[in-house]
Amino acid sequence: MADSATTTGGTLAVPAAPPAETRAMRLRNFWSDYRQSWVALAALAVIVALAIGAFGAPFLVPQDPYDLANLDWMDAFLTPGEVGTGGYVHLLGTDNAGRDMLSAILYGLRTSFVIGLSAGALALAIGITVGLTAAYFGGRIEALLMRVVDLQLSMPAILLALVLVAVLGQGVFQIILALVVAQYAYFARTTHGAATVERRKDYIEAARSTPLPTRRVLFSHLLPNVLPPLIVVATVQVASAISLEATLSFLGVGLPLTEPSLGTLISNGFKYIHAGRYWLSIYPGIFLMFTVVAINLVGDQVRTILDPRNSR
Amino acid sequence: MFGYLIGRLAQAVVVVFVMSIIVFVGVYAIGNPIDVMIDPGATAEIRENLIRQYGLDQPLWQQYFTFIANVAQGDLGRSMVYNTSVTGLVFSRFPATVELVLVSVFIATIIGIPAGLWAGYRPNSIGAKLIMALSVLGFSVPTFWIGMLLIMAFAVELGWLPSGGRGEVAQFLWFKTSLATSDGWAHVIMPALNLSLFKMGLLIRLTRAGMVEAMGAEYVRFARAQGLPDRQIVFSHVLRNISIPVVTVFGLELGSTLAFAVVTETVFNWPGVGKLIIDSIMQLDRPVMVAYLVLVVMLFVIINLVVDLIYARLDPRVRLKGGS
């Protein structure tokens with residue numbers, strides 16, 4: 001991992017053209033590499049479609065599932081395709097409270113996306129800071145920081161998250177916090193690995209010999225060169241954050257049914273599968289699966305492109 | 001080596017100690033378990049008595065020291081919900097989890113290793129691609145959802161297998177296990193398969209990577225030049241060589257199977273320790289939560305300690321670096 005980062009960083013850093021153009025060219029090259037795999041293209045399309053559905057949910061679906069005034073007990077357990085008292089078709093049926101499943105799923109997907117992305121972003125920021133600090137300063141600071149990181153990595157993320165949720169309680173904020181604590185270590189490890197290699201290079205020595213503040217050296221000189229492996233870890237971690245949140249909610253320690261995520265919906269539907277009411281849990285599960293698998297596939301393709309062993 | 005051992009041991013003790021404080025304080029900061037336990041109509045006197053009985057009127061640090069002193073004597077407290085000793089409770093649930101984990105590891109091995117070998121032996125065949133695609137699914141699709149699909153397919157639609165519970169248990173040596181009855185096996189097979197999927201994916205990938213690397217190695221070429229059949233090369237030479245890293249990673253992952261069992265046990269209503277901790281979190285059964293978490297932390301610290309020591313034994317550089 002560390003080696004690949006160096007080589008990629010090294011090749012990218014060679015100024016083949018004026019800086020503004022290199023960035024555009026790099027992006028274009030990246031895209032033409034990305035297009036090589038139709039699976040990855042399909043996965044990207046799925047993510048975009050799901051994101052549009054999730055964030056455009058208020059304009060796309062007939063019902064606001066959070067507003068209890070919209071729910072009618074008469075509509076409970078309608079099978080997919082039935083028309084309810086609202087006068088519109090429930091494409092994916094309704095749940096025990098008469099919630100339109102499609103509406104609930106898209107709103108839930110939005111919650112899942114928001115949690116996954118914000119947990120991923122926060123974990124990335126903290127992980128980068130920890131990893132860079134450890135690699136740059138070395139010595140005792142490094143030993144202490146990385147020992148804690150290693151310790152956390154030795155425990156499964158689900159267990160850490162479970163402990164934290166047990167301690168913090170339920171809610172969106174608590175879940176995000178739990179996920180960040182459980183996941184930052186992956187970023188810290190990757191950053192540290194790449195940065196220890198970069199740190200020994202001449203350009204860092206050069207930057208250090210100038211009166212630049214440490215913050216600048218770390219974030220404007222060291223960071224850009226350790227980014228490629230981090231991008232891959234970030235996609236994987238966002239997928240895993242969404243999946244973890246769903247798992248916690250399914251276990252009943254995540255989000256309450258009043259602000260449902262996909263996991264909460266599945267958990268709620270799980271109670272009714274013995275009654276043959278499969279649509280309550282199957283459909284949110286399918287959306288969850290597509291989201292997680294698609295993000296992972298995109299991550300896989302990005303990894304393939306950034307891996308210098310595959311460069312042509 | 002001795003100095004390294006002492007250093008690592010000290011670290012492990014410090015970690016367990018710090019984690020126990022965090023868990024204790026954290027868990028005790030949430031809710032009031034007395035409110036959950038007694039019915040709202042109870043008199044203030046009953047309330048007071050209960051609070052005193054559980055020592056909840058003492059300051060937090062004093063409760064912590066009482067807890068530590070009791071733990072030192074092997075007493076992890078009394079469950080507030082089941083009203084029995086936590087140690088007994090956890091150990092009574094433990095065989096169920098262990099048998100689930102064992103069966104799932106077995107399933108992962110008998111499917112994962114041959115599949116991985118094949119995927120590495122013929123990496124461009126359709127079968128290999130299919131195996132790899134399935135391993136990606138095993139990695140990324142959440143366990144609980146697959147478990148639910150299994151229930152829906154085999155329990156609700158087909159009616160072949162029971163959807164949950166542990167089934168009939170019978171005495172085996174000194175403990176009760178469902179692996180001793182056919183009804184028990186019918187109950188264990190689905191949750192074990194569910195729990196094994198993640199491991200199976202991991203095992204397939206590890207074996208495949210090892211196989212691909214080995215097939216290009218000198219010793220395989222020599223064996224081929226000797227005219228040995230591929231079957232013999234793979235099973236008596238390659239398998240032996242790739243088994244070391246596979247077993248190492250797989251052993252390390254055993255601990256995480258215990259963690260994932262929490263999810264599977266909840267889906268299949270399997271009465272193991274994982275189900276116990278989820279129930280305790282829901283019911284605010286603090287002593288059980290604290291005991292479980294401290295035990296799990298200890299387990300992981302021990303696993304890591306052992307792994308570190310083995311590595312240090314094998315690779316002197318680790319010793320020198322870690323000792324400083």
Side-chain angles (χ1 to χ4, degrees), chain A residues 39 139 143 147-148 150-170 236 239-240 242-253 262-263 266-267 269-270 273-278 281-282 284-286 288-297 299-300, chain B residues 11-12 15 19 22-23 25-31 133 136-137 139-149 151-152 155-157 163-164 252-253 255-260 262-263 265-267 274 277-282 284 289 292-293 296-297 299-301 303-304 307-308 321-322 324:
Chain A
V39 177
R147 190 74 203 143
V148 173
D150 282 345
L151 240 166
Q152 272 197 259
L153 285 180
S154 67
M155 289 186 208
I158 174 85
L159 205 65
L160 265 175
L162 197 64
V163 173
L164 285 161
V165 171
V167 168
L168 297 170
Q170 300 192 331
V236 175
S240 126
I242 290 177
S243 169
L244 263 180
E245 179 274 318
T247 305
L248 291 174
S249 293
F250 178 80
L251 293 176
V253 293
L262 290 177
I266 298 172
S267 166
F270 185 56
I273 60 169
H274 289 284
R277 289 167 174 144
Y278 63 92
S281 47
I282 281 288
I286 290 177
L288 175 66
M289 183 179 80
F290 269 94
T291 311
V292 175
V293 173
I295 297 178
N296 273 328
L297 287 174
D300 254 6
Chain B
Q11 255 181 24
V15 168
M19 281 302 279
I22 294 175
V23 165
V25 172
V27 168
Y28 276 68
I30 52 168
V136 171
L137 281 186
F139 262 141
S140 43
V141 180
T143 318
F144 72 91
W145 197 61
I146 298 185
M148 222 177 61
L149 289 184
I151 291 182
M152 217 170 277
V156 179
E157 290 298 319
S163 67
L252 272 178
E253 282 285 309
S256 72
T257 316
L258 277 175
F260 278 105
V262 171
V263 179
E265 284 177 9
T266 310
V267 176
I277 178 67
I278 294 291
D279 290 345
S280 312
I281 291 176
M282 305 274 214
L284 280 182
M289 283 162 75
Y292 175 86
L293 295 176
V296 166
V297 168
L299 185 75
F300 274 96
V301 167
I303 291 177
N304 285 321
V307 170
D308 275 358
K321 193 172 158 239
S324 65

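Residue numbering restarts at 1 for every chain, and letters A, B, ... go by the order of the sequence lines.
Taking 4.5 Å as the limit, some side-chain heavy atom of A:L162 sits within range of a side-chain heavy atom of B:V262. B:V141 has its side chain out of reach of A:L288: every pair of non-hydrogen atoms, C-beta onward, lies at least 4.5 Å apart.
Contacts between A:A246 and chain B at a heavy-atom distance below 4.5 Å involve backbone atoms as well as side-chain atoms. Neither the backbone nor the side chain of B:I146 comes within less than 4.5 Å of any heavy atom in chain A. Looking at B:V15, the atoms closer than 4.5 Å to chain A (heavy atoms on both sides) all sit in the side chain, from C-beta outward. A:L160 does not touch chain B: none of its heavy atoms, backbone or side chain, sits under 4.5 Å away.
Nearest heavy atom pair, residue A:L251 against residue B:V263, reads CD2-CA, 4.0 Å. Heavy-atom minimum distance, A:I282 versus B:W145: O-CZ2, 3.5 Å.
Contact count versus chain B (heavy atoms, under 4.5 Å) is highest, among A:T247, A:V292, A:I158, for A:T247.
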